[in-house]
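Structure record follows, encoded as structure tokens.
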Amino acid sequence: MNMHPRFETARESTVRELTISKILADLVRTLQLIEAEIAAEEERARIFDRSNVRYPILAKSLNDRRDNLRVTIAALEQRLTERDSAPHSVARTKLSAAS
């Protein structure tokens, strides 16, 4: 199979960045909701120490979900910053190769 390199157009890049930004906004909102649910569950049980044996199972699972969301958010933010810097480095490489 003959594969040709595919270069992303500026429009495609912008659409992809907007999509990632929207996903990030949704994930941040979800993270805030989960944190509020954790606080409510801890308040209801009156147990705030995660190492306590009586710490609510719901709060434990929400903490795990929150931690996973934080990792996902960090990865998407890194992807956006890499995209911002990538076009400039590619342009510099092309310019230096042409010289």
Side-chain angles (χ1 to χ4, degrees):
M1 178 175 208
N2 192 3
M3 299 285 292
H4 296 285
R6 184 176 183 279
F7 296 99
E8 189 173 60
T9 65
R11 184 176 188 280
E12 289 171 334
S13 178
T14 303
V15 169
R16 181 167 287 132
E17 288 175 9
L18 285 173
T19 303
I20 292 173
S21 295
K22 288 179 184 178
I23 292 169
L24 269 171
D26 287 341
L27 291 176
V28 168
R29 248 182 270 119
T30 302
L31 183 68
Q32 292 169 343
L33 290 171
I34 289 173
E35 287 176 342
E37 289 178 28
I38 291 169
E41 185 64 18
E42 289 175 343
E43 184 64 36
R44 185 195 63 73
R46 299 258 189 243
I47 300 171
F48 303 94
D49 182 13
R50 288 168 50 170
S51 63
N52 188 328
V53 178
R54 294 177 46 218
Y55 190 78
I57 293 173
L58 176 60
K60 284 182 185 179
S61 65
L62 288 172
N63 276 306
D64 292 341
R65 287 184 65 197
R66 180 192 60 199
D67 295 343
N68 288 337
L69 274 176
R70 285 180 176 166
V71 170
T72 303
I73 289 169
L76 288 173
E77 286 174 341
Q78 181 180 1
R79 200 169 184 186
L80 276 179
T81 54
E82 287 173 357
R83 284 226 178 256
D84 289 344
S85 63
H88 303 294
S89 62
V90 170
R92 282 190 217 121
T93 305
K94 287 181 181 177
L95 288 175
S96 61
S99 303

Check your understanding: Does a sphere of radius 6.0 Å around CZ in Arg65 hold more than 12 heavy atoms from other residues, nucleotides or ligands, not counting ones at 6.0 Å or beyond?
Key -> no
Between side-chain atoms of residues 19-29 and protein atoms elsewhere (two or more places apart, or another chain), which donor-acceptor pairs fall under 3.5 Å?
unit_1, atom_1, unit_2, atom_2, d
Thr19, OG1, Val15, O, 2.9
Ser21, OG, Glu17, O, 2.9
Asp26, OD1, Arg29, NH1, 2.9

Point to revise | Sequence-distant partners of Arg46, salt bridge (charged side-chain N to carboxylate O under 4.0 Å, His left out), two or more places apart | key: Glu43
Practice item. Not counting sequence neighbours, which residues clear side-chain hydrogen bond (donor to acceptor under 3.5 Å, both in side chains) with Arg70? List them please. Key: Glu35
Review point. In Å, rounded to the nearest 0.5 Å, how long is the span from CD of Glu37 to CG of Leu62?
Key: 5.5 Å
Review point. So how far is it from Asp64 CG to Leu69 CG, rounded to the nearest 0.5 Å?
Key: 11.5 Å
Practice item. State plainly whether the residues Glu82 and Arg79 are in salt-bridge range, i.e. N to O under 4.0 Å. Key: no
Practice item. Using the test side-chain hydrogen bond (donor to acceptor under 3.5 Å, both in side chains), find all partners of Arg50 that sit at least two apart in sequence or belong to another chain. Key: Asn63
Study note, to complete from the structure: Between the CG atom in Leu33 and the CD1 atom in Ile38, the distance rounded to the nearest 0.5 Å is 11.0 Å
Study note, to complete from the structure: dist Asn68:CG -> Arg66:CZ (nearest 0.5 Å) comes out at 11.0 Å
**Study point:** Residues that, via side-chain heavy atoms closer than 4.5 angstrom, fall in one hydrophobic cluster with Phe48
**Key:** none
Point to revise | Remaining members of hydrophobic cluster (4.5 Å side-chain criterion), Ile57 | key: none
Check your understanding: Given side chains that start at C-beta, do those of Glu42 and Ile47 come closer than 4.5 Å, heavy atoms only?
Key -> no
